[in-house]
Undergrad: 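Can you keep this structure in mind? I'll have questions shortly.
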Amino acid sequence: MNITEIIKDKIEANQAILTEFESKELLQKLGIPVPIQKLTTSKIETISAAKEIGYPVVLKLMAEDVVHKSDTGAVQLNLKTKEDVEKAYDKLMEIPSQMEKKISVQKMADEPITELIIGMTTDPQFGPALMFGIGGILVELLEDVSFRIAPITEYDAKDMIHEIKGFPILDGYRGKPKADINAIVETLLKISDLVVKYEEINEMDLNPVFIYEKGLICVDARIILKKE
Ligand code: ADP
Ligand code: MG
């Protein structure tokens, strides 16, 4: 399926919210890296998916009524063996949910320089607005984020990154390596293009994106479409 088909399918099914799995599938089609992921529905399938992907892996519960996954124990990180996967699977099955449960088995991404948040919301007056910030307390407590109305230029994207107070964290703070600013610029531009092309998209939340010296990877995402 291409991006147009993924969006069309959801609209026809009258579903506004793409699951993490679907959201990351769409991002991958857009050229934004995501960890290898497989959807499973049984323990045996989960174990073989983990083996195929290669350890360490992460298991996440995909159920429509579980939104903030880590709050309910629905994210099981850094599983290194078949036994780890079996235990994690059992824990996920204990989480209360009224909906169908699927498991996303995904590759555990390497430790980043820092976590980023990249988002998009729809302003009733100006349309799609892009958001950028550094994950954790900088966004949650200090609201250290930058906004631009889409479409943005490369210059705008660079500005968005440089104007947050936490920028030194990306620029080699305390001997840490410098983050790949170009990879962030490219990601912001891809999202800008996407939301301009697909007016059906109401909201996007890439949270977090792991940033490295070279490249980045989006480990959690949520895309919400407009209701008719
Ligand atoms: P939530 O629904 O609570 O936001 P996430 O999918 O964002 O759940 O997972 C919670 C945290 O676990 C993330 O912020 C990230 O630090 C870590 N994490 C999630 N997926 C991966 C992954 N594939 N590799 C490494 N770390 C991950
Ligand atoms: Mg998240």
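In listed order, ligands and their atoms are each counted from 1. Just so it is clear, the structure is predicted and the values come from calculations on it, not from any experiment.
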Undergrad: Which protein non-hydrogen atom lies closest to atom 19 (C) of ligand 1, naming both residue and atom, and how far is it?
TA: Lys60 NZ, 3.4 Å

Undergrad: Only N/O/S atoms count here: what is the atom of Asp220 closest to the Mg ion (ligand 2) called?
TA: OD2

Undergrad: Using a 4.0 Å cut-off to any heavy atom of Gln106, which atoms of ligand 1 qualify?
TA: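 So the atoms of ligand 1 that pass are 20 (N), 23 (N).
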
Undergrad: Nearest non-hydrogen contact with atom 16 (O) of ligand 1 belongs to which option: Arg222, Glu115, Lys69?
TA: Glu115

Undergrad: Of the protein's non-hydrogen atoms, which lies at the shortest distance from atom 26 (N) of ligand 1, and what is that distance?
TA: Phe210 CZ, 3.5 Å

Undergrad: Enumerate the atoms of ligand 1 whose separation from the nearest heavy atom of Asn207 is less than 4.0 angstrom.
TA: 7 (O)

Undergrad: Out of Leu170, Leu206, Leu138, Ile169, which residue meets the side-chain contact (heavy atoms from CB on, under 4.5 Å) rule with Leu116?
TA: Leu170

Undergrad: I'd like the name of whichever of Asp205, Leu77, Val67 reaches closest to atom 17 (C) of ligand 1 through any heavy atom.
TA: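 It is Leu77 whose heavy atom sits nearest to atom 17 (C) of ligand 1.
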
Undergrad: Taking only heavy atoms of Lys107, which atoms of ligand 1 are found under 4.0 Å from at least one of them?
TA: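 Counting atoms of ligand 1 from 1, those under 4.0 Å from Lys107 are 22 (C), 23 (N), 24 (N).
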
Undergrad: Please identify which atoms of ligand 1 are closer than 4.0 Å to at least one heavy atom of Glu20.
TA: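 What qualifies from ligand 1 is 6 (O).
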
Undergrad: More than 12 non-hydrogen atoms from neighbouring residues, nucleotides or ligands closer than 6.0 Å to CD on Glu64, yes or no?
TA: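 Open.
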
Undergrad: Verify the distance test for Asp205 against the Mg ion (ligand 2): any N/O/S atom under 2.8 Å, yes or no.
TA: no

Undergrad: Using a 4.0 Å heavy-atom threshold (strictly under), name the region of Met108 that reaches ligand 1: side chain, backbone, both or neither.
TA: both

Undergrad: Going by the order shown, which atoms of ligand 1 are within less than 4.0 Å of some heavy atom of Asp220?
TA: 1 (P), 2 (O), 4 (O), 5 (P), 6 (O), 7 (O), 8 (O)

Undergrad: Would you mind running through ligand 1 and noting each atom that sits below 4.0 Å from a heavy atom of Pro208?
TA: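 Ligand 1 atoms under the 4.0 Å threshold to Pro208: 7 (O), 13 (C), 14 (O), 15 (C).
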
Undergrad: Considering only non-hydrogen protein atoms, determine which one is nearest to atom 10 (C) of ligand 1 and report residue, atom name and distance to 0.1 Å.
TA: Ser70 OG, 3.8 Å

Undergrad: Evaluating non-hydrogen atoms only, which member of Val58, Val75, Asp71 is closest to atom 9 (O) of ligand 1?
TA: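 The nearest heavy atom belongs to Val75.
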
